[in-house]
Amino acid sequence: MRRHARSVPELLEVEIYRRLAARTLGRPIVGVDAPDAWFLKGGLTEAQVTVALVGRSIVADRRTGKLLLLDLSDDLRHSSATLGLRFGMTGRLLVDGGPMEKLTYGSNRDVPAWDRFSLRFAGGGELRVRDPRRLGGIELDPDEARLGVDATALTAAALGGVLRGSEAPVKARLMDQARIAGLGNLLTDESLWRAGVDPARRAGSLTPADVRRLHHHLRTTLDVLGRRGGSHLGDLMAARVRGGVCPRDATPLLRRTVAGRTTYSCPRHQR
DNA sequence: ATTGTGGCCTGCCCGC
DNA sequence: TGCGGGCAGGCCACAA
């Protein structure tokens, strides 16, 4: 049997995680488990993150792009702080042992050894990051200024500004988290396919009409796939295999590396 | 500054 | 049946 359609934590998945994390708002943190030193970024240690978090609670859930931001309460001993969670390619968030949504690229097996970070709350609940591949990570007070505008808030004018004058492939610009935050490989390929834009095309070559069309399809892709439930539920997804054909016109799809990523596109209708 | 490349991580799939 | 290599992509360091 062919492998299932694959999903990665892009903006849409992290948005689901944000809502999941909101369930823990206001609960006192009584313990932190960070058994994997690699997973703590910015020189953070388990002892430090424990001291920084125990006794506080999460007071706000935010997200920019693929970065989940959990603001921590102030108290007499602590000034304000934010916990940043990145999910890499195979990371997931679990709250209170709730059901794991079907993600792929890595199994859905229940392997406690893949728990890289967890918060324990008063009353027995918990928030866990499970990441087999360890490409995600935890950071305290991440530099949010390094991220561009969240893709859901991108205006057509801002998109034009991101693409204008660039010699890079349009796909590379769309995936540049410092300019637009949240788009990963699947959302980008799906949006460009819907918009009929060649991923390898020089970003600066898009006309104002191209920019408007691409902007429209970015929005539509985020809306539709968000309602369907994930980045892996695009119309192009089933065809993202070797030998796949375009769902729109049945042309054999092109499989290339663009912007350093495996890229599927239709050589007929994407120009 | 911009753009491209390679490496990290490791479970899983395929071919031998 | 077991084994080894390739593959997946978000992110970062580094080079030109």
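Side chains are part of it too, since the values below use all heavy atoms of this structure and drop only hydrogens, waters and symmetry mates. This one's a predicted model, so the numbers in the text were calculated from it and none came from an experiment. Convention: sequence-line order gives letters A, B, ...; per-chain numbering from 1.
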Task: Note, A/Ile138 side chain near A/Arg86 side chain (heavy atom, < 4.5 Å) - done: no
Could you state the [atom1]-[atom2] distance from [X] to [N], rounded to the nearest angstrom?
X        : N      : atom1 : atom2 : result
A/Glu10  : C/dC11 : CD    : C1'   : 14 Å
A/Ile180 : C/dC11 : CD1   : P     : 14 Å
A/Leu11  : C/dC11 : CG    : P     : 11 Å
A/Leu67  : C/dG10 : CG    : C1'   : 12 Å
A/Met237 : C/dA8  : CE    : C1'   : 10 Å
A/Phe39  : C/dC11 : CZ    : C1'   : 12 Å
A/Gln177 : C/dC11 : CD    : P     : 5 Å
A/Tyr264 : C/dC7  : OH    : P     : 11 Å

TODO: Could you please spell out the steps behind the side-chain contact (heavy atoms from CB on, under 4.5 Å) verdict for A/Phe117 and A/Asp33?
DONE: CA-CA 6 Å; A/Phe117 181 83; A/Asp33 295 302; over 6 Å; no
Please write out which residues are connected to [X] in a hydrophobic cluster, directly or through intermediates, given that two of Ile, Leu, Val, Met, Phe, Trp, Tyr count as joined at side-chain heavy-atom separations below 4.5 angstrom.
X        : answer
A/Leu254 : none
A/Leu147 : A/Leu67, A/Leu69
A/Trp38  : none

I'd like a table of donor-acceptor pairs (distance under 3.5 Å, sequence neighbours excluded) in which one partner is a side-chain atom from residues 168-175 of chain A, with atom names and distances.
{"residue": "A/Lys171", "atom": "NZ", "partner": "A/Asn185", "partner atom": "OD1", "Å": "2.5"}
{"residue": "A/Lys171", "atom": "NZ", "partner": "A/Asp189", "partner atom": "OD1", "Å": "2.8"}
{"residue": "A/Lys171", "atom": "NZ", "partner": "A/Thr263", "partner atom": "OG1", "Å": "2.7"}
{"residue": "A/Arg173", "atom": "NE", "partner": "A/Ser166", "partner atom": "OG", "Å": "3.1"}
{"residue": "A/Arg173", "atom": "NH1", "partner": "A/Val162", "partner atom": "O", "Å": "2.8"}

Task: Difference in axis direction between the ends of the helix from B/dT2-C/dA16 to B/dC16-C/dG2, five pairs, 10° - done: 40°
Could you tabulate the donor-acceptor pairs under 3.5 Å formed by side-chain atoms of residues 222-229 of chain A, not counting sequence neighbours?
{"residue": "A/Arg228", "atom": "NH1", "partner": "A/Leu233", "partner atom": "O", "Å": "2.6"}
{"residue": "A/Arg228", "atom": "NH1", "partner": "A/Asp235", "partner atom": "OD1", "Å": "2.9"}
{"residue": "A/Arg228", "atom": "NH2", "partner": "A/Asp235", "partner atom": "OD1", "Å": "3.1"}

TODO: For C/dC11, take OP1 and OP2 only and decide whether either is under 4.0 Å from a side-chain N or O of A/Arg86.
DONE: yes
Open item on the list: Would you say A/Lys41 places a side-chain N or O within less than 4.0 Å of OP1 or OP2 belonging to C/dC12?
Closed with: no
Under 3.5 Å, which protein N or O atoms sit close to an N or O of nucleotides 8-10 of chain B? Give each pair with its distance.
{"residue": "B/dC9", "atom": "O3'", "partner": "A/Arg134", "partner atom": "NH1", "Å": "3.1"}
{"residue": "B/dT10", "atom": "OP1", "partner": "A/Arg134", "partner atom": "NH1", "Å": "2.5"}
{"residue": "B/dT10", "atom": "O2", "partner": "A/Arg133", "partner atom": "NE", "Å": "3.0"}

TODO: Mind listing the residues from residues 142-158 of chain A sitting with a heavy atom below 4.0 Å of DNA chain C? Number order is fine.
DONE: A/Arg146
Task: A/Leu186 versus A/Ser231, closest heavy-atom pair with distance - done: CB-O, 3.9 Å
Task: Those residues that, when tested against A/His216, pass ring pair (Phe, Tyr, Trp, His ring centres under 6.0 Å) (two or more places apart) - done: none
- [ ] Determine which pairs satisfy ring pair (Phe, Tyr, Trp, His ring centres under 6.0 Å) with at least one residue from residues 152-195 of chain A, sequence neighbours left out, and list them in order.
- [x] A/Trp193-A/His269
Check nucleotides 3-5 of chain B against the protein and report each pair of N or O atoms closer than 3.5 Å, with its distance, or say if there are none.
{"residue": "B/dT3", "atom": "OP1", "partner": "A/Ser166", "partner atom": "OG", "Å": "3.2"}
{"residue": "B/dT3", "atom": "OP1", "partner": "A/Glu167", "partner atom": "N", "Å": "2.7"}
{"residue": "B/dT3", "atom": "OP1", "partner": "A/Ala168", "partner atom": "N", "Å": "3.4"}
{"residue": "B/dT3", "atom": "OP2", "partner": "A/Ser166", "partner atom": "OG", "Å": "3.4"}
{"residue": "B/dT3", "atom": "OP2", "partner": "A/Arg173", "partner atom": "NE", "Å": "3.4"}
{"residue": "B/dT3", "atom": "OP2", "partner": "A/Arg173", "partner atom": "NH2", "Å": "2.4"}

Open item on the list: Show, in sequence, the C-alpha distance, side-chain angles and deciding distance for A/Asp71 and A/Arg62, and conclude whether the salt bridge (Lys or Arg N to Asp or Glu O under 4.0 Å) test is met.
Closed with: CA-CA 8 Å; A/Asp71 295 324; A/Arg62 298 183 290 124; 2.9 Å; yes
Task: For A/Asp61, salt bridge (Lys or Arg N to Asp or Glu O under 4.0 Å) partners two or more places apart - done: A/Arg18
Task: Lys/Arg-Asp/Glu bridge criterion (N-O < 4.0 Å) met for A/Glu15, A/Arg63 - done: yes
Task: Option passing side-chain hydrogen bond (donor to acceptor under 3.5 Å, both in side chains) with A/Ser265 (candidates A/Arg256, A/Arg201, A/Gln270, A/Arg255) - done: A/Arg256
